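Have a look at the structure below, then the notes.
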Protein chains: 2
Amino acid sequence: MVEVSRRQAIEDVASDLFRERGYAATSIRDIARALSVQGASLYAHVTSKEDVLWAIVDRAASRFEAAAERAEGEAERRRPGDPAEAVAALVRAHVEVLTGDVDESGVFVREWRSLGPERRSAVLARRDAYEARFRRHIHAGIALGTFEMTDPAIAASALLSAINGLASWYDPKGRLPAGRIADHLVDLSLRMLSSES
Amino acid sequence: MVEVSRRQAIEDVASDLFRERGYAATSIRDIARALSVQGASLYAHVTSKEDVLWAIVDRAASRFEAAAERAEGEAERRRPGDPAEAVAALVRAHVEVLTGDVDESGVFVREWRSLGPERRSAVLARRDAYEARFRRHIHAGIALGTFEMTDPAIAASALLSAINGLASWYDPKGRLPAGRIADHLVDLSLRMLSSES
DNA sequence: CGCTTAGCCTAACGATCGTTAGTTAGGGGC
DNA sequence: GCCCCTAACTAACGATCGTTAGGCTAAGCG
């Protein structure tokens, strides 16, 4: 709630509303109402409704990418060439970003399809590059015998779907703290891939 | 394309549009245009836009429930009390329903939140009952030592998220036939839970 | 031939949508 | 005292939304 700028405050309430009602079902006036302001007033800070969605999605995407980059680096430094370590680090980083800002992440996961064609396909490409990180380590793990022989593309999609699903059911005030959930998801992910425990 | 009734034809094209653009971003006139008809003409067959969504979601939910019921029965008949057999049957049945009608299933997975409060919470309850089937078998498998000790609720959510993600990336004309994908997802699901291979 | 029914039409309703234009209120720096 | 900047306002634009009302056409059947 430490809104450094008005623009940030708008994106915050927009994240909240987009996440729970969806982008198309949320009007500019809905966002304005949550800020106790007239709808037209938002256009002093924002150029269009889609720009708000884009800002949210772009920032969330950057967060996931940066966290993954860092996680892969640290995994490589800890255990060079170990696919299980790399996947574990990626999953943990993903869960941390996701639970760190449920609204923003939820919008990123579910509402990016509402972007215009060019931005939409840009996001699609970034998502594929992100998923490719997982595919790469799974492929390496299979070659090493660490992972069970399987289809890396399907395994990566299933794995990412599993942890992205968290955006739909994670509750910050829920039974388990985010760290515990991350532990469980890392375990489940590795078991899903490993040839033995 | 064997439209036995006009109503069914409407729900078919609505499933298609709702799946690719979302319910809120699809207008009655969009649906009508796909049928080469005026928007108002649809109201001779349909009482409201939400009724169309409800019909799609309700039917998809019933399909999943019926398939799960049948799968659990057959698993119990084949290998009574075997949690792995039961989970495998549930996963395979789920994938079959999903790949059998991607549009309808995709709407069920992603657009049920757009329903009004009462129908929305009815769907939520049915989804939870469906997920409880998985939780039950996972719990039993842990008690038997067949499954690794883990949190059944988290495991069930992760598992269902993984296979529901299929609705977002499955392509009937894709690289692998539905049966092969089902095989992979059954394997991944069981490995995710099993204490040993 | 007349009746029914299914299916579609045009026209329009009030509401709401995203967005633009022009204006006002208040506060800090010169 | 003047200026400008930030942030809000009111009013309205054309478009589109879900939905209703009432009338037309064509096929099936006695």
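Note: hydrogens, waters and symmetry copies are ignored here, and every other heavy atom, side chains too, is used. Please read all numbers here as calculations on a predicted model, not as lab measurements. All chains are named by letter (A, B, ...) in the order of the sequence lines, taking the proteins before the strands, and each is independently numbered beginning at 1.
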Can you tell me how far P of dA7(D) sits from CZ of R7(A), to the nearest Å?
13 Å
Within residues 112-122 of chain B, the residues having a heavy atom closer than 4.0 Å to DNA chain C are none
Give the rounded distance in Å between these two atoms: CD1 of I28(B) and C1' of dC13(C).
16 Å
Nearest-Å distance for atom pair CG/P, residues D30(A) and dC17(D)
17 Å
Once you round it to whole Å, what is the distance between P of dA8(D) and CG of L35(A)?
8 Å
Pairing of D151(A) and R175(B) as salt bridge, 4.0 angstrom limit:
yes
Of R29(A) and V37(A), whose closest DNA chain D nucleotide lies nearer the 5' terminus?
V37(A)
Distance check needed: dT20(D) C1' versus L42(B) CG, whole Å only.
14 Å
Counting the atoms with a prime plus P, OP1 and OP2 as sugar-phosphate, which does S27(A) contact under 4.0 Å by heavy atoms, base, sugar-phosphate, or nothing?
sugar-phosphate
Residue set satisfying side chain to side chain contact (heavy atoms under 4.5 Å, CB included) with V102(B), at least two apart, ordered chain then number -> R19(B), Y170(B), P172(B)
From the options dT19(D), dA8(D), dG7(C), select the nucleotide whose nearest atom is closest to the side chain of A40(B).
dT19(D)
Please check the phosphate of dC9(D) (OP1 and OP2 only) for any side-chain N or O of S41(A) closer than 4.0 Å.
yes
For R33(A) and dC9(D), what is the distance between atoms CZ and C1' respectively, to the nearest whole Å?
17 Å
In whole angstroms, the gap separating P of dC13(D) from OH of Y43(A) amounts to 18 Å
Once you round to the nearest 0.5 Å, how far does CG of L166(A) lie from CG of D171(A)?
11.0 Å
If I take atom CD in residue Q38(B) and atom C1' in nucleotide dG18(D), what distance separates them, rounded to the nearest angstrom?
15 Å
Check for a donor-acceptor pair, side chain of Y23(A) on one end and backbone N or O of R113(A) on the other, with a separation under 3.5 Å.
no
With a 4.0 Å cutoff (strictly under), does any side-chain N or O of H45(A) reach OP1 or OP2 of dT6(D)?
no
Looking at F108(B), does the NZ or CZ of R127(B) lie under 6.0 angstrom from its six-membered ring centre and within 45 degrees of the ring axis?
yes
Evaluate whether atom CZ of R79(A) has more than 12 neighbouring non-hydrogen atoms of other residues, nucleotides or ligands under 6.0 angstrom away.
no
Residues 178-187 of chain A vs side-chain hydrogen bond (donor to acceptor under 3.5 Å, both in side chains), sequence neighbours excluded, gives R92(A)-D183(A)
